[in-house]
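Following: one structure in structure tokens, then a few remarks.
The chain is numbered in sequence order, starting from 1.
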Amino acid sequence: MNSLTKSERLHSYGAIRRLFNQGRSGFIYPFRYVYIVEEADSPEAAILFSTPKKYHKRANKRNTLRRRMREVYRLNKSLIYNSLGNHRIEIAIIYSSKTIHDYQTIEHAVKKVLEQISAEL
């Protein structure tokens, strides 16, 4: 259960476009998040992590931040799966801060994002 497989990652261009056009959004510092919920036969979740080049020019910094976000989600994705029921959810989490935060700050914020999304299901 603590893995993050390719099927759990949002990578289709059409799905990403639809998510940003039709999804609901919110902000919990330092993240902006967008999500969309649909009916499905079984519970599924797909996620996208983004760190804009606008705030972090160096690729190694963007990669570090995305690694931290992925790891926190991988360890805490049960927060979403427990409340899904028979729905499919697609989530995009965008890092929106110019400073590079430590793992604990990112962990706390991603948990709050997941809790807020699961509360709205």
Side-chain angles (χ1 to χ4, degrees):
M1 183 69 186
N2 280 346
S3 62
L4 189 60
T5 61
K6 172 119 179 177
S7 64
E8 292 178 297
R9 295 187 187 188
L10 190 61
H11 57 280
S12 166
Y13 180 74
I16 294 169
R17 176 186 280 176
R18 187 172 50 86
L19 172 65
F20 282 101
N21 286 338
Q22 300 173 3
R24 290 181 267 172
S25 65
F27 184 82
I28 293 178
Y29 183 81
F31 298 112
R32 189 170 78 85
Y33 61 92
V34 181
Y35 68 97
I36 191 168
V37 181
E38 303 168 331
E39 293 292 326
D41 296 334
S42 62
E44 297 177 29
I47 190 152
L48 166 81
F49 300 100
S50 176
T51 307
K53 196 186 265 190
K54 176 181 178 180
Y55 297 131
H56 301 284
K57 304 292 185 201
R58 310 286 276 171
N60 62 337
K61 292 179 182 177
R62 292 193 306 272
N63 291 340
T64 299
L65 292 168
R66 277 194 301 270
R67 270 191 216 109
R68 289 178 184 171
M69 290 188 288
R70 274 195 307 263
E71 181 66 10
V72 170
Y73 175 76
R74 186 183 69 82
L75 295 174
N76 296 292
K77 66 182 176 180
S78 61
L79 295 172
I80 287 289
Y81 277 96
N82 292 340
S83 61
L84 269 182
N86 282 341
H87 292 89
R88 171 177 169 73
I89 188 165
E90 296 174 351
I91 306 169
I93 299 180
I94 301 110
Y95 192 88
S96 300
S97 174
K98 291 184 179 182
T99 59
I100 297 177
H101 295 287
D102 60 344
Y103 181 84
Q104 286 76 24
T105 306
I106 291 174
E107 180 180 29
H108 180 69
V110 169
K111 280 183 181 179
K112 283 181 75 172
V113 167
L114 296 178
E115 289 168 357
Q116 190 162 348
I117 290 173
S118 64
E120 292 178 15
L121 289 176

All N/O donor-acceptor pairs, side-chain side in residues 52-60, below 3.5 Å, sequence neighbours left out:
{"from": "H56", "atom 1": "NE2", "to": "S97", "atom 2": "O", "distance (Å)": "2.9"}

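- With sequence neighbours excluded, the residues satisfying ring pair (Phe, Tyr, Trp, His ring centres under 6.0 Å) with F31 are Y95.
- Screening T51, T64, L65, I106 against I100 for a side-chain contact (heavy atoms from CB on, under 4.5 Å) leaves a single residue, L65.
- For N63, the side chain to side chain donor-acceptor pair (under 3.5 Å) criterion is met by R66, not counting sequence neighbours.
- Note that OG of S83 is 11.0 Å distant from CD of E120, once rounded to the nearest 0.5 Å.
- Once rounded to the nearest 0.5 Å, the distance linking NE2 of H101 with NE2 of H108 reads 12.0 Å.
- Rounding to the nearest 0.5 angstrom, the gap separating the CD atom in E8 from the OH atom in Y81 is 4.0 Å.
- To the nearest 0.5 Å, atoms CZ (R9) and CG (L4) are separated by 4.5 Å.
- Taking Ile, Leu, Val, Met, Phe, Trp and Tyr as members and joining any whose side-chain heavy atoms lie under 4.5 Å apart, directly or through other members, the hydrophobic cluster of L48 also contains L10, I16, L19, F20, V34, I36, I94.
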I'd like to know whether H87 forms a side chain to side chain contact (heavy atoms under 4.5 Å, CB included) with L84, so could you lay out the CA-CA distance, the side-chain angles of the two residues, the decisive distance to 0.1 Å, and finally the verdict. CA-CA 6 Å; H87 292 89; L84 269 182; 4.2 Å; yes

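- For the residue pair T5 and S7, a side-chain donor N or O sits within less than 3.5 Å of a side-chain acceptor on the partner.
- If you take CD1 on I93 and CD1 on I47, they are separated by 4.0 Å, rounding to the nearest 0.5 Å.
- Summarising the geometry, atom CG belonging to L121 is positioned 6.0 Å from atom CD1 belonging to I80; distances are rounded to the nearest 0.5 Å.
- Y29 belongs to a hydrophobic cluster whose other members, connected by ILVMFWY side-chain contacts under 4.5 Å either directly or through intermediates, are F27.
- Of the options R68, R74, R67, a side chain to side chain donor-acceptor pair (under 3.5 Å) to E71 is made by R74 and by none of the others.
- The side chain to side chain donor-acceptor pair (under 3.5 Å) search around D102 returns T105, not counting sequence neighbours.
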